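Notes for the one structure printed next.
The analysis underlying the following values was restricted to heavy atoms, covering all of them including side chains, and did not include hydrogens, waters or symmetry mates. No experiment lies behind these values; they were computed from the predicted model shown.
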Amino acid sequence: YQQIDLITSRDCTLRCTYCYLQKHADSAYSIEKITQGLDALLTQFDTLRERYQDLTPEESGKIRGYTKGVVLSFYPEPWVNIPQTDKLVREALKVLYRHPYYAEHFMVSMGTNGVRLDQPIPILEHILSNLSIAVTIDGIEEAHDLYRRFPNGDPSWKIVKANILKYQQKYNITSTKITLGPQTLK
């Protein structure tokens, strides 16, 4: 599968001390340009599939750019602007559905800090069987809250843990992401 990253926001719900991303209030960006780029990429994939349709799976796996499916990854924090993320996912899926092969062979992946999992992104309710969410939790409460705090300085671990436990089955949360720092390794 080919992973395609689609940026949902330039802001975040947390202010992790180690984060490398610059936080900016969301400004309108062109979902149309993003989906045009996605369409162009899927069109290239379709062309390769047609050109090499008679190859065995082993042979096709050696062709650069040939893919058996796509993973649409929405990062860095999809829940920071739910209406914008909902619209982006909907529009990306419309593009995907215009490419019949990939409409049958796709996953949607989201990475989140987990603090707003209790606030639904409406389109996700319709694609649960194709959805995977990875939640960042940096180990035990003490280690997590050392770095992962809200803009007002409040800790986030208890909220994240509660949301993982509550939404683990619904959102197919089977993995976490963790950041280790010098102060968390004892």
Side-chain angles (χ1 to χ4, degrees), residues 1-23 34 38 41-42 45 57 61 66-82 84-90 92-93 95-96 102-150 154-186:
Y1 277 68
Q2 175 67 49
Q3 181 172 321
I4 303 168
D5 292 339
L6 302 170
I7 304 301
T8 60
S9 177
R10 293 175 31 175
D11 199 1
C12 190
T13 51
L14 295 179
R15 295 297 181 263
C16 303
T17 58
Y18 55 68
C19 187
Y20 57 89
L21 295 174
Q22 298 287 327
K23 308 300 184 289
I34 294 170
L38 176 61
L41 190 57
L42 292 174
F45 292 165
Y66 187 91
T67 182
K68 297 177 183 176
V70 293
V71 177
L72 300 180
S73 298
F74 296 87
Y75 292 98
E77 181 49 58
W79 271 263
V80 74
N81 187 333
I82 291 171
Q84 182 170 285
T85 298
D86 185 66
K87 184 175 182 184
L88 177 58
V89 174
R90 286 177 189 279
L93 289 173
V95 170
L96 188 74
Y102 297 105
E104 297 289 325
H105 300 89
F106 81 95
M107 286 294 298
V108 170
S109 172
M110 294 197 170
T112 179
N113 59 39
V115 299
R116 289 191 180 164
L117 278 174
D118 60 329
Q119 300 174 31
I121 298 173
I123 186 60
L124 300 186
E125 302 299 317
H126 303 284
I127 59 167
L128 291 173
S129 63
N130 294 80
L131 178 66
S132 177
I133 295 176
V135 180
T136 303
I137 190 163
D138 291 351
I140 62 171
E141 184 174 3
E142 175 188 22
H144 178 92
D145 286 341
L146 186 62
Y147 299 109
R148 302 182 68 72
R149 295 190 165 268
F150 287 97
D154 287 349
S156 63
W157 188 85
K158 287 180 181 173
I159 294 169
V160 175
K161 179 185 174 195
N163 281 340
I164 289 173
L165 294 174
K166 185 172 183 179
Y167 296 101
Q168 186 173 356
Q169 296 301 314
K170 178 179 182 175
Y171 288 136
N172 191 28
I173 299 171
T174 58
S175 64
T176 61
K177 300 186 319 182
I178 186 168
T179 301
L180 299 174
Q183 294 177 329
T184 57
L185 298 173
K186 296 181 181 186

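- Residue I178 comes nearest to G139 through the heavy atom pair CD1-N, 3.6 Å, listed as atom of the first residue, atom of the second, then distance.
- Between the CG atom of D138 and the OG1 atom of T176 there is a distance of 9.0 Å, given to the nearest 0.5 Å.
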Assess the residue pair D11 and N81 against the criterion (side-chain contact (heavy atoms from CB on, under 4.5 Å)); give the C-alpha distance rounded to whole Å, side-chain angles, the decisive distance to 0.1 Å, and a yes or no. CA-CA 8 Å; D11 199 1; N81 187 333; over 6 Å; no
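- Taking K87 as the reference, I31, E91 meet the side chain to side chain contact (heavy atoms under 4.5 Å, CB included) condition, with sequence neighbours excluded.
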Would W157 and V160 count as a side-chain contact (heavy atoms from CB on, under 4.5 Å) here? Give the steps. CA-CA 5 Å; W157 188 85; V160 175; 5.8 Å; no
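- The CZ atom of R90 lies 12.0 Å from the OG1 atom of T85; values are rounded to the nearest 0.5 Å.
- Pairs engaging residues 109-120 under the side-chain hydrogen bond (donor to acceptor under 3.5 Å, both in side chains) rule: T13-N113, Y75-S109, E77-T112, E77-N113 [sequence neighbours left out].
- Taken from CD1 in I164 to CD1 in I137, the straight-line distance is 4.5 Å, to the nearest 0.5 Å.
- Residue I127 holds its CD1 atom at 9.5 Å from CG of L96, rounded to the nearest 0.5 Å.
- Every residue two or more places apart in sequence or in another chain that forms a side-chain hydrogen bond (donor to acceptor under 3.5 Å, both in side chains) with Q3 is listed here: D5, S73.
- Remark: side-chain polar atoms of D86 are paired, donor with acceptor, to backbone N or O of I123 under 3.5 angstrom.
- Evaluated for a side-chain hydrogen bond (donor to acceptor under 3.5 Å, both in side chains) with S156, the options R149, K161, R148, H144 yield exactly one hit, H144.
- Here H105 pairs with Y101 under the ring pair (Phe, Tyr, Trp, His ring centres under 6.0 Å) rule; sequence neighbours left out.
- Smallest separation of non-hydrogen atoms from I34 and I7: CD1-O, 4.3 Å.
- N172 places a side-chain N or O within donor-acceptor distance of the main-chain N or O of L131, the cut-off being under 3.5 Å.
- With sequence neighbours left out, K177 forms a side-chain hydrogen bond (donor to acceptor under 3.5 Å, both in side chains) with no residue at all.
- Taking every heavy atom of both residues into account, P120 and E125 meet most closely at CB-OE2, 4.2 Å.
- In this structure, L42 CG and L72 CG are separated by 7.5 Å, a value rounded to the nearest 0.5 Å.
- When every heavy atom of G114 is checked against every heavy atom of N163, the shortest pair comes out as O-ND2, 2.8 Å.
- Between A92 and F74, the shortest heavy-atom distance links the atoms CB-CZ, 4.2 Å.
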With side-chain contact (heavy atoms from CB on, under 4.5 Å) as the criterion, how do T8 and M110 come out once you've worked through the C-alpha distance, each side chain's angles and the decisive distance to 0.1 Å? CA-CA 10 Å; T8 60; M110 294 197 170; 5.9 Å; no
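- By the side-chain hydrogen bond (donor to acceptor under 3.5 Å, both in side chains) test, N130 pairs with no residue at all, sequence neighbours left out.
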F150 and I159: CA distance, side-chain angles, deciding distance, side-chain contact (heavy atoms from CB on, under 4.5 Å) verdict: CA-CA 11 Å; F150 287 97; I159 294 169; 3.9 Å; yes
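- Across every non-hydrogen atom of V70 and Y102, the tightest pair is CG1-CD2, 3.9 Å.
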